[in-house]
Amino acid sequence: QLQLVESGGGLVQPGGSLRLSCAASGFTLDYYAIGWFRQAPGKEREGVSCIAGSGGSTNYADSVKGRFTISGDNAKNTVYLQMNSLKPEDTAVYYCAARSSYCSGYASGYPYWGQGTQVTVSS
């Protein structure tokens, strides 16, 4: 059974950093793309970043480029999202999601989702 479990969220001050983890089980990352999405209250779910298992190609939303870094550890079957220079507008529930093959920026393209982890950026 394919499962995704996020961790690493929390409360951080503006300018601070967090590292989110997405631990996968029931499948190997080699053949899947893992996307990070976020959803703030009253807003639609938006794509943040994605890494494709094959070749490890990555992409980022414009709003996080230069601040967030996605990476994968195939030995641990885990994908990470390093978030630096956090801003209050980064506050949201962050989800990781999986789909076979290449990355997609659309949430509807991912059939497998984790439960989410809350990130709050506030002083």
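In this structure, W36 and V79 have side chains that are in contact, with non-hydrogen atoms separated by less than 4.5 Å. S104 has its side chain out of reach of C50: every pair of non-hydrogen atoms, C-beta onward, lies at least 4.5 Å apart.
If you chain together hydrophobic residues whose side chains sit under 4.5 Å apart, V93 and M83 never meet in one group. A continuous path of hydrophobic side-chain contacts links I51 to F27 [ILVMFWY only; heavy atoms under 4.5 Å].
If you take CD on Q39 and CD on E46, they are separated by 9.5 Å, rounding to the nearest 0.5 Å. With values rounded to the nearest 0.5 angstrom, S101 atom OG is found 13.0 Å from Y31 atom OH. Interatomic distance, CD1 of I70 versus OG of S57, reported as 10.0 Å (0.5 Å rounding).
Taking every heavy atom of both residues into account, G9 and L20 meet most closely at N-CD2, 3.6 Å. Listed here is the closest heavy atom pair of A92 and Q118: O-NE2, 3.5 Å. In terms of heavy-atom proximity, A52 sits nearest to C103 at N-SG, 3.7 Å. Minimum interatomic distance between G8 and L18 (heavy atoms only, all atoms of both residues): O-CD2, 3.8 Å. The two residues A61 and G47 make their nearest non-hydrogen contact at CB-O, 3.5 Å. Across A98 and I34, no two heavy atoms sit closer than the pair CB-CD1, 3.6 Å.
Contacts of S25 classified as side-chain contact (heavy atoms from CB on, under 4.5 Å), with partners at least two apart in sequence or in another chain: Q3. Shown here are the side-chain contact (heavy atoms from CB on, under 4.5 Å) partners of D90, two or more places apart in sequence or in another chain: R38, R67, F68, L86, K87, Y94, V121. With sequence neighbours excluded, the residues that form a side-chain contact (heavy atoms from CB on, under 4.5 Å) with S21 are S7, T78, Y80. Every residue two or more places apart in sequence or in another chain that forms a side-chain contact (heavy atoms from CB on, under 4.5 Å) with S122 is listed here: L11, T120.
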From CA spacing to verdict: side-chain contact (heavy atoms from CB on, under 4.5 Å), Y95, V48: CA-CA 10 Å; Y95 301 88; V48 174; over 6 Å; no

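Counting heavy-atom neighbours within 6.0 Å of E89 CD, excluding the residue itself, gives a total above 12.
Side-chain N or O atoms of Q115 include one that pairs as donor or acceptor with a backbone N or O of E6 at under 3.5 Å. Side-chain atoms of N77 come within 3.5 Å of backbone atoms of L29 as a donor-acceptor pair (strictly under, hydrogens ignored).
For residues 102-123, the set of pairs meeting the ring-ring contact (aromatic ring centres under 6.0 Å, His included) definition, not counting sequence neighbours, comprises F37-Y110, F37-W113. Residues in residues 57-101 take part in these disulfide (SG to SG under 2.5 Å) pairs, two or more places apart or across chains: C22-C96.
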